[in-house]
Amino acid sequence: MDHKALAERLLPGSYPSLQFYEEKYPARNLPKGAEVTRLAPSPTGFIHLGNLFSAIADERIAHRSGGIVYLRIEDTDLKRKVDGAVEAVISALNYFDVKFDEGAEIGGDETYAPWYQRQRAEIYRAFAKKLIEEGRAYPCFCTEEDLTALREEQTKNKEITGYYGKYARCRNLTEEEIYKNLDAGKPFVIRLKSMGNPENKFKFHDEIKGDVTVTENDQDVVILKSDGIPTYHFAHAIDDHFMRTTIVIRGEDWLASLPIHIELFHALGFPLPRYGHHCSLMKQDGETRRKLSKRKDPELSLEFYRKEGYFARAVKVYMLTLLNSNFEEWYLKHPDADPNEFPFKAEKMSKSGTLFDLDKLNDISKNELSKLSAEEMATFLEGWANEFGSEAQKAYFKDREKLLSVLTLCMGIGGKKRRKDFTTASQAMAFIEYFFTRTTQVDAYRVDGETVKSLLSDFLSVYSYEDDAQAWFEKVKEVAARHGFAADMKAYKANPEGYRGSVADVAEVLRIAATGRANTPDLWTIMRILGEEEVRRRLTSAEAPCE
Ligand code: GLU
């Protein structure tokens, strides 16, 4: 068979040589040991936790080694393309502190551009042509129906499905048959002519999983589709080589394709990058553990964390906790350190399923938010409110001084111990709502309506905005005593039958009247922040009892 003539017939025209591309995309000028990593998503518009998981690992491995991380868009499958998807990837990952050094819509060192696979058609064709010339690729004229029939036959015979061995019909077409099909204008794809034998197994060192056993590939995978667009397998091998990727971090779902990739790299004459396949994020669902699912688990989408207002650093800390088994211990020792200082290592990544637990993330979030100053918290909340908050919530930021007092109080700043009541921006904004509007009655009074009314009006008659905390509390005690509630807790505990309740019950009535809630930070401070007029308005209008 004249492979050269066939290659010219299938992909006419002259294409640059391997040498040309080797020079066009030279080895990167980086210090020894510097890693080049990449995130290579398809632009489907759905960015998920798995992407973030890989991206943080990519970013850490690259930057800790003085290397670079780039963003490549694998858009060979146009059916799945969504407008704005690339910007969405960048902004979603930026939010979590993953910044690319170069790539699609980012720019950077143009030597390795373009970063959209659709714009790299020529290079894929050049290498497909080269493989055909070398007899390592051939045209396949099988139709969808032929392939479906083949799959059905293989399934029936309980055999591995695919285009391989004796099933690779077009692999053995004669020159005459090929040209006859071409002359008849039959559409074709280009397939790799695999040289592998599935009887052969070999050891492969995975950067995360350690040594794994790999079976040689024998599938004649498609490398160019009938429209001349490459498949993922083919395009990514060429790109990882010419973008000079040193280590590929990706989900373990890709482990099954590794034999194909190894054979492709060999056929193309490229050295293999190193690979690290990380485990999937799992969720505990009752008794079983399953992979997070797009359909069932809103928390799989990164959009969820933006909308809920998760603090980016908290998500990053949690991801690092899951990514490196020794991160948690390191972070306990260095709670105030920048998580980027942690010596991240691919080999410390977990080898088997990682359990993702939203409760654990919430705990980390509480902890991280409790480290912020009131000013930092205000900035964080404002960022969220501008994007996702209601008009009423946006108004909280008009009086910055008041907001800072609210946050100082609610976060326990200046107190003995910081409070950890805030989990996310949306939750924190709901939490502080009562400082700005008296709309929701969260908790009901535990005393009857008449008592509520008389306690409130008695308190209002003695209330003075100028009172300090101590004087204020003395007055609450007086009101309590006047209504048969024990002013002194010790006295109450010694003789609970002798009273209608204690000063704590009276304070609770005031608290619910002022805030709608039975549990709040210090009530005197709340009243100071609300201002005299607002306190009087709320206590006067507090309808009782209220559900
Ligand atoms: N485009 C593939 C994906 O979206 C990338 C796989 C890889 O990282 O090699 O999953």
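Indexing begins at 1, ligand by ligand and atom by atom, following the structure's order. The basis for the numbers below is simple: all heavy atoms, side chains too, and nothing from hydrogens, waters or symmetry mates.
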Atoms of ligand 1 less than 4.0 Å from Trp254 heavy atoms? 2 (C), 3 (C), 6 (C), 10 (O)
At less than 4.0 angstrom from any non-hydrogen atom of Tyr232, what atoms of ligand 1 do you find? 2 (C), 5 (C), 6 (C), 7 (C), 9 (O)
Carefully, step by step, assess Phe46 and His48 under the rule ring pair (Phe, Tyr, Trp, His ring centres under 6.0 Å). CA-CA 6 Å; Phe46 183 67; His48 52 82; 5.7 Å; yes
Under 3.5 Å: donor-acceptor pair, side chain of Glu35, backbone of Ile61: no
Could you tell me if Arg120 sits above the aromatic ring of Tyr25, with its cationic atom closer than 6.0 Å to the ring centre and no more than 45 degrees from the axis? yes
So, is Ala40 polar-close to ligand 1, with some N/O to N/O distance under 3.5 Å? yes
Short list, please: which atoms of ligand 1 are under 4.0 Å from a heavy atom of Ser42? 1 (N), 4 (O)
Closest to atom 1 (N) of ligand 1 (heavy atoms only, candidates Arg250, Gln117, Arg38, Glu74) is Glu74
Could you tell me whether Arg306 sits above the aromatic face of Tyr95, with NZ or CZ closer than 6.0 angstrom to the six-membered ring centre and within 45 degrees of the axis? yes
Just wondering, do Leu258 and Tyr275 contact through their side chains at under 4.5 Å, heavy atoms? yes
